[in-house]
Amino acid sequence: MHLSEQEIIRRQNLQAIEALGIAPYPAELFDVSHHAAHIKAVYQEGAEGFDNVRLAGRIMMVRDMGKACFAELQDSSGRIQIYVRRDDICPGDDKRLFDEFFKKLLDIGDFIGVEGFVFRTRTGEITLHVRSLKLLSKALRPLPIVKTDAEGNVYDAFNDPELRHRMRYVDLVVNAGVKDTFILRSKMIRTIRNFLDARGALEVDTPVLQNIPGGAAARPFITHHNALDIPMYLRISNELYLKRLIVGGFDWVYEFSRNFRNEGIDRTHNPEFTILEFYVAYKDYHWMMEITEQLLEKVALELHGTTDITVGEHVISFKAPFRRLGILDAIREHTGYDVSQMDEKGLREIAQNLGIETDASMGKGKLIDEIFSEKCEDHFIQPTFIMDYPVEMSPLTKRHRANPELVERFELMINGKEIANAYSELNDPIDQRERFEEQARLKERGDEEAMFIDHDFLRALEFGMPPTAGIGIGIDRLAMLMTNQRTIQEVLFFPQMRPE
RNA sequence: GAUUCCGUAGCUCAGCCGGUAGAGCAAUACACUUUUAAUGUAUGGGUCCUGGGUUCGAAUCCCAGCGGAAUCACCA
C-alpha cells in the first residue's frame, strides 16, 4: 500500500495520540447541544443559554497564535470559529494536551467535540471559547482544502468532476453548495409527496425486479433468478403495475420509481434514475395538465419562494397555467409547415427539406416525432404542454376523442427538455392487445426497445380499468431545473461511473 | 458506440521547440496571546495514468490500453 508523505505523518500522529492515552476512535456518544449555523444566527451578547455549548464536527482550518489558536469547526450546518487557549484546556502544569495533542497531532479533517461558551471577538466574529476538547475520530487522509476570501473568490477548488463524483463524501465536505443542492432535491420530493398526500393519493411500492420489463420503450438490464431459473429484469418503468392497482380499485396511486435503462451515460442520462408516476381514476389528460402545473408551481414556491426560477441563462416561470400546444401546431410554429393532413410521403419530403435523415422504416408517427425533436423541442424554454401525439408512438395511450390518428398524450417541455409524459390511459383491452402485437412485430424485426407483450396486464384490463389519467415526471431533471444544475451527475449523490 | 480534448505533489495548476521535476495552497520545524483565503523564515514531498516504441537521453515525440470531460448517436 503506497502512502503519501501526509498520510504517513497522520498515521504517526495517530500512534502518538494513542501513546498519550487518548482514544482516536472513542465508542461513547458525544452529547451535541448546538449547531454552528444556529449559534451564528441567534447569538447576541449577553444572551442566555450560550455558556455550556457542546459542538461536534471537523476541524477545517487552524490559525496558530502561539499559546492560543483560532480554528474553524465544520458541522452539518456550517462552520463556526472556535478559540482554544492553552491555559483553558490545560489548567495544570501539564501542557501536553495543548502543545502536543492539539497543536501537533490534530489534523484538518479530524472530528472533535468541544465544550465552552460563545463570545464575539473584537473583530466581531461569533466564536466558541473552548473549555474542553475531545477527539472523536482521526482522519488519515488529508482533505483538499478549498479557501474562499471575503469577496467570495474560491481558491484551489476541488473541481475535477471525476474525483468529485467518485469521492462524493469529500466533495460534500469541502465544496460549499453541494450539500445545498441535495437538500433542495430532498425538499422538492417532500413537497411533491405532501402535495399528493393532501389530495388523497396513496404512495405504493411495486416490483423493481420484473419478469416482463414493460411500460416503456428501452433496453433493460437483465439478471437471473437462481431458484426459479428464469431471467429477470430491472424495471424500466412501473407503469403497468400502477395501472393494475387502478384496476384493483384505488383511485389515485403514486410511486417514486427508480428505473433502470441499459443505455448511454451523459449529462442528462444515468443508468438508474427516478420518475414520479401517478395514475388517477376517472380523469383525463386535460385534468392531468391542470394538476401538473399546480404541482410544479407549488414546488417552485416551496423551494424558492417565487415561481420565477433561474436556470442557466433563462428565467423560467412556473406560474400556472402553462401553455398548451398540439404537436402539429408546434411544428407549424417552428418550421412553417402544416403537416396535419399529410401522408407518409409528404412528411418524409418535409423532413428531408429540414435536413433530417430519414429511413424507410420510419412511419408517419416517427417522422412527426423526429421533426418535432429536431426542429421544435429546443425552443420550448418556458413550460409548455405539447399535446396530441401520433398514435404509432404511443402504444399505451388512448386514442384522441376527435382524431383517431392521434392519442391523448402530452409531454411537458421545459428548458428545451422533456420533463413529463402523460396520457389518458388506454383502457380498451382489445385495442391494447392489438397495440402490443404491433410492438411484438417491431421486436421481431430487431427493434430492441419495442415492448414485450404482458399477458397478465392484458388480463387485468379485461377485468376492466376505469378511465384513467397517468403521468411520469422526471425527478432528476426536475431537480436539475430547481437547483440550476446543468448535469444529472450534480443531482445524484453517486452517479454511475466506470469502476476504478 | 464515434470524434476531439485532458491525465504531473494531498488539492489547483505550470512545464511539453526532447537535456537532472516547478508554483500556490496543504504538510513539517521554529517564532508570535484575539486571528479572518494567504504572518514570517526554513524544510520535506512525485511509478509526471499504465505498457510498449523512437532516441545517447522521454513528463515532453509515436502507438496501444485505462480513466475522465465535451460533442454526436440511443434514450428520460
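As a basis for the values below, the full set of heavy atoms in this structure was taken, side chains included, without hydrogen atoms, waters or symmetry mates. Letters A, B, ... are given to chains in the order of the sequence lines, protein chains preceding strands, and every chain is numbered from 1.
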Test for a donor-acceptor pair under 3.5 Å between the base of [N] and the side chain of [X], counting only N and O atoms.
{"X": "A:Q6", "N": "B:G10", "result": "yes"}
{"X": "A:T127", "N": "B:U34", "result": "no"}
{"X": "A:E5", "N": "B:G44", "result": "yes"}
{"X": "A:T123", "N": "B:U34", "result": "no"}
{"X": "A:Q81", "N": "B:U35", "result": "yes"}

Considering residues at least two apart in sequence or located in another chain, which fulfil the side-chain contact (heavy atoms from CB on, under 4.5 Å) criterion with A:E411?
A:Y389, A:R409, A:M413, A:E418, A:N421
Should [X] be listed as having a side-chain N or O under 4.0 Å from OP1 or OP2 of [N]?
{"X": "A:R166", "N": "B:G68", "result": "yes"}
{"X": "A:R267", "N": "B:A69", "result": "no"}
{"X": "A:R85", "N": "B:U34", "result": "no"}
{"X": "A:R498", "N": "B:G67", "result": "yes"}

Any residue meeting side-chain hydrogen bond (donor to acceptor under 3.5 Å, both in side chains) with A:D88, in chain and number order, not counting sequence neighbours
A:R85, A:H129
May I ask you to say what A:R86 touches in the nucleic acid, namely base, sugar-phosphate or nothing, with a heavy-atom cut-off under 4.0 Å?
nothing
Protein and nucleotides 22-25 of chain B: nitrogen or oxygen contacts under 3.5 angstrom:
unit_1: B:G24; atom_1: N2; unit_2: A:D156; atom_2: OD1; d: 2.7
unit_1: B:C25; atom_1: O3'; unit_2: A:K147; atom_2: NZ; d: 3.1

Restricting to pairs with a member in residues 113-131 of chain A, which pass salt bridge (Lys or Arg N to Asp or Glu O under 4.0 Å), not counting sequence neighbours?
A:E45-A:R120, A:E115-A:R131
Give every residue pair that meets the side chain to side chain donor-acceptor pair (under 3.5 Å) criterion with at least one member in residues 165-181 of chain A, sequence neighbours excluded.
A:E162-A:R166, A:R164-A:D171, A:H165-A:E490, A:R168-A:D171, A:D171-A:N175, A:T181-A:Q485
Checking N1-N3 plus N6-O4 or O6-N4 for Watson-Crick, or N1-O2 and O6-N3 for wobble, each under 3.5 Å, the partner of B:C11 is B:G24
Among residues 100-111 of chain A, which residues get a heavy atom nearer than 4.0 Å to RNA chain B?
A:K104, A:D107, A:I108
